[in-house]
Each structure stands twice: as C-alpha cells, then as structure tokens.
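The first residue of the sequence shown is numbered 1, and numbering continues consecutively from there. What's counted below: heavy atoms across the whole structure, side chains too, no hydrogens, waters or symmetry copies.
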Amino acid sequence: MSLTLYLHPLASFCHKVLIALYENGTPFTPRMVDFADEGSTAALLDKWPVGKIPVLHDSAKDRVIPETSIIIEYLDRRYPGPVALLPRDPEARLEARLWDRFFDLYVHVPMQKIVLDRMRPEGSKDPAGLAEAHRALDMAYGMIEARLAGGPIVRGEAFTIADCAATPALFYASIVHPFAPDQPRLAAYFEDLMARPSVRRTLDEARPYFHLYPYREKMPRRFLDPAEA
C-alpha cells in the first residue's frame, strides 16, 4: 500500500479526496494530522511546508501531491478504478473541472468564511465579510439550481470530481446557510449525494469529531450519533 493520505476526518476538503478514494476502493493509509501536536504537524510540514491538508504521499513513486483537485486527477491517472472521476470525453472533462472549481471557490470558500468567523474571539468578528459570504452562497445556490434544471452537473457521467467537490461543500454549507424553499433541484441533488456509500462512509468517520464543529447545534440530527442528537 504505497499511498498515505494526511488528513483530519472533520476537515471538509479532506472529505473531497476521501470520497474519491472510496468511490474506487483505492487502497491507502490514512494518517491523521493533529495540529495541536508538534510531532504530528512536523510530519505534515516535512511533506508539504504549506501545512494544509489533505496531502497525498505516494511512496512507490516518491511523489507528494497536494491540493484536492490535483490529488484526484493524480489518482485518476495513476490509480484508476471503475469510476472515471475525470471523464474521458474532452467536453465532459472540461465541465467536470469547471464545476469542481465552482464548488471549491463559490460554495466551499464562503462556507469556511462563515465557520471561521464564529471561531474568532469577540472584538475581531468580521460582520461585513460574513454578510458577503452569505450573499456568495445565495448566488452559488441559485446558479446550481439553474444548472440542475438542465440535467446532471456533468451530463452523461454518473459521478465525477465535480460531485466529490460538491459533497462536502454542500454538506457544511447547508448547515450554516440552508437551501431556499425554491431550490428543490439543489435539495434533491444534495440528498442523492448523501445516499452514496462513499459519502456515508466519510461522514461516519467524521461523526466522532462533529462535537468540534462550531455550528454543531445547527447540524441535522440524522448526521449525529443517536446518543448525542
């Protein structure tokens, strides 16, 4: 088993790569990064001095691969499985890459802005930035709803890198900024994602850490352990 993924089970961008790995049953060794532990952090920084997760290490090829989209493309090229996360058709591939970036930049990033603002100490909150993040999610949700009116995000492909990006972005964003009543296609798409075995496995592994999530009180009961709900 040559692949090691440096991750934290709660981290949303780590979910994106975990889903890709589980979709294809790709063998790998998870290595949890605890940023409160100096040794754990040092092991990550030794591989990727930027210090962000996830990071993939392929010992068989002596390669360190950072950044979620690059990791997924690397897996698709070097360790392909039954699910072509990067479509073989050139036009579908471009569309998948477009929506991968869309979910990362216009759903994931503003969602993280909202979460991080709650973690700021009193006196250092950013109300203007928070309002901007909510407006960005309104815009993104509306664009996704309109796109889904024409069919799947990437036509002709069952599951792609775009869906890997959409899943954690929408999961955490829907908690801090719920979908509007006039966005039924977006809500249905979200439920389809939540039903996938790769997604359920990823969330099951994250569940023991949900108590650390700053908006845990808004998390739907179905995602919590029955004893905690």
* Hydrophobic cluster membership, Phe102 vs Ile153, 4.5 Å side-chain cutoff ->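 The answer is yes; both residues are in one hydrophobic cluster.
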* Is there a path from Phe159 to Val107 through hydrophobic residues (I, L, V, M, F, W, Y) whose side chains come within less than 4.5 Å of each other? ->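 Per the 4.5 Å side-chain linkage, Phe159 and Val107 are co-clustered.
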Do other residues, nucleotides or ligands put more than 12 heavy atoms under 6.0 Å from the [atom1] atom of [X]?
X      : atom1 : result
Lys125 : NZ    : yes
Arg77  : CZ    : no
Glu38  : CD    : no
Tyr79  : OH    : yes
Asp182 : CG    : yes

Keeping [X] on the side-chain end and [Y] on the backbone end, is there a donor-acceptor pair under 3.5 Å?
X      : Y      : result
Ser40  : Asp34  : yes
Ser124 : Pro121 : yes
Glu95  : Val154 : no
Arg147 : Pro152 : yes
Asp163 : Thr160 : yes
Tyr141 : His177 : yes
Arg88  : Leu86  : yes

Would you say the ring centroid of [X] lies under 6.0 angstrom from that of [Y]?
X      : Y      : answer
Tyr213 : Tyr172 : yes
Phe35  : His8   : no
Phe223 : Phe210 : no
Tyr6   : His57  : no

* Asked: Would you call Glu217 and Arg118 a salt bridge, taking side-chain N to carboxylate O under 4.0 Å as the test?
  ->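 Arg118 and Glu217: salt-bridged.
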* Electrostatic pair Asp104:Arg101 at N-O distance under 4.0 angstrom ->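 The answer is yes: the pair qualifies as a salt bridge.
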* Asked: Just one of Pro54, Pro30, Pro9 clears the side chain to side chain contact (heavy atoms under 4.5 Å, CB included) bar with Cys14, so which one?
  ->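 The residue from Pro54, Pro30, Pro9 that satisfies side chain to side chain contact (heavy atoms under 4.5 Å, CB included) with Cys14 turns out to be Pro54.
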Ignoring hydrogens and geometry beyond distance, is a side-chain donor-acceptor pair present between [X] and [Y] at under 3.5 Å?
X     : Y      : value
Ser12 : His108 : yes
Ser69 : Lys16  : yes
Asp58 : Tyr74  : yes

* I would like to know whether Asp204 and Arg207 meet salt bridge (Lys or Arg N to Asp or Glu O under 4.0 Å); could you show each step before the answer? => CA-CA 5 Å; Asp204 284 345; Arg207 190 168 287 114; 2.5 Å; yes
